[in-house]
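See structure below.
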Amino acid sequence: MLHIQESVLEINFKALQQNFEFIKSKTKTGTKVLAVVKAFGYGSDAVEVAKFLQDELQVDYFAVAYIREGAYLRAAGITTPILVLHPQIVNLKHAIAYNLEPSLYNDRIFSAFAKEAAIQGKKEYPVHLKFNTGLNRLGFFHTDTDYILQKLKTLSQIKVTSIFSHMVASEAANEKEFTQNQIATFKEICTSFEKALNYKPILHMTNTSGVFNYPEAHFDMIRTGIGLYGFGNDPKFDKKLQPVASLKSVISQIHRIEKGESVGYNRAFVAKKNTTTATIPIGHADGISRQFGNGVGSVVINGKLAPIIGNVCMDMIMVNVTKIKCNEGDEVIIFGEGQSAEELAAKINTISYELLTAVSQRIKRVFLR
Ligand SMILES: *Cc1c(COP(=O)(O)O)cnc(C)c1O
């Protein structure tokens, strides 16, 4: 156990390894694993997490959302293939410079990338074709298949390394039929490509919940993000996973407030009785939304929940510790043991993903190996 003396995000590599192995155990041998490390590795530390997944766990692929994220990983020495899920045309030349593999999701970016790859004299540059099977977010439509195949015949500068789609509601039991239709559509698309191409692209469709709920949709590779970081969008899977990131801080100062006194900006909290408060160096600029203010969110101090009082400030929060034995310098857990990121996120009607990825880059990352 580390002695916490400032706000830190602890990243537990044992947990990461255990989650990776659990997720992998849900797949058939030979199924590749793509680790999603976008948004700084779901707010953890993309470089350290990617290094561990690459060097210790031999992950097959990485994915990031934007080209900048991939360039950052390459600059840090990541050599595993990186799929860029949502590239923009303006950055395609950098994608090639950093050996990043774009997802091509419409005619506009397909043509732009084919042109750029030709200009740079590339042969069979790896690209990934994204199909929309219901999310209506990004992707070619299934009826575009023939036209894409026609185009591919004339192009030697790119090669379809993978074909993929994305599930709409892989965690929702009441959307099984919709998901099964997505899987069926994806299979049709893949069959058309397999018939027409003289090589076999990697096929992939599932995110973390898809891995758990739709084994029939694992195809050649699974994509996992949130599961690696310890959440499974379902208490049943949460139990098998271990949160990788814990957000911790300390008590900077304790105040004894008398009845009628207020705490924080705009006097949002007024003490109805004598109250003891603790000030903690973490605020909305660190990812603690103002929505957590005024009793909505709590932190854990010496094993007990201390509600946030008044408004969340940019760099600090004040919490009620009237009933908690504590001192200045004591450790505070924002999420981690005693309160998971999922539980805290639920207090403001959001999901673990949003809370995790909101943790500001100014918070120090410490690594438990
Ligand atoms: C973010 C993302 C994932 C990862 O989803 P999780 O639910 O975190 O496993 C997978 N595929 C695509 C296309 C994504 O955008």
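When a ligand or atom number is given, it counts from 1 through the structure's own listing order.
Contact shell of ligand 1 (protein heavy atoms, cutoff 4.0 Å): V36, K38, Y42, L85, R137, H166, N207, T208, R223, T224, G225, I226, Y353.
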Discussion item. Please determine whether salt bridge (charged side-chain N to carboxylate O under 4.0 Å, His left out) holds for the pair R365 and E48, giving the CA-CA distance in whole Å, both sets of side-chain angles, and the decisive distance to 0.1 Å.
Written reply: CA-CA 10 Å; R365 270 62 177 165; E48 293 305 317; over 6 Å; no
Side-chain polar contacts of residues 295-319 - donor-acceptor pairs under 3.5 angstrom, sequence neighbours left out - could you list them?
from	atom 1	to	atom 2	distance (Å)
N302	ND2	K325	O	2.8
N302	ND2	D330	OD2	3.3
N311	OD1	N294	ND2	3.3
N311	ND2	Y265	O	3.1
D315	OD1	R362	NH1	3.2
D315	OD1	R362	NH2	2.8

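Under a cut-off of 6.0 angstrom, the local environment of NZ in K347 is crowded, with over 12 non-hydrogen atoms contributed by other residues, nucleotides or ligands.
Aromatic ring centres of Y61 and H128: separated by under 6.0 Å.
Remark: of the listed residues N213, N19, D234, T224, T224 is the sole one forming a side-chain hydrogen bond (donor to acceptor under 3.5 Å, both in side chains) with T208.
Both the sub-6.0 Å distance and the 45° axial angle are not jointly satisfied by R68 relative to the ring of Y66.
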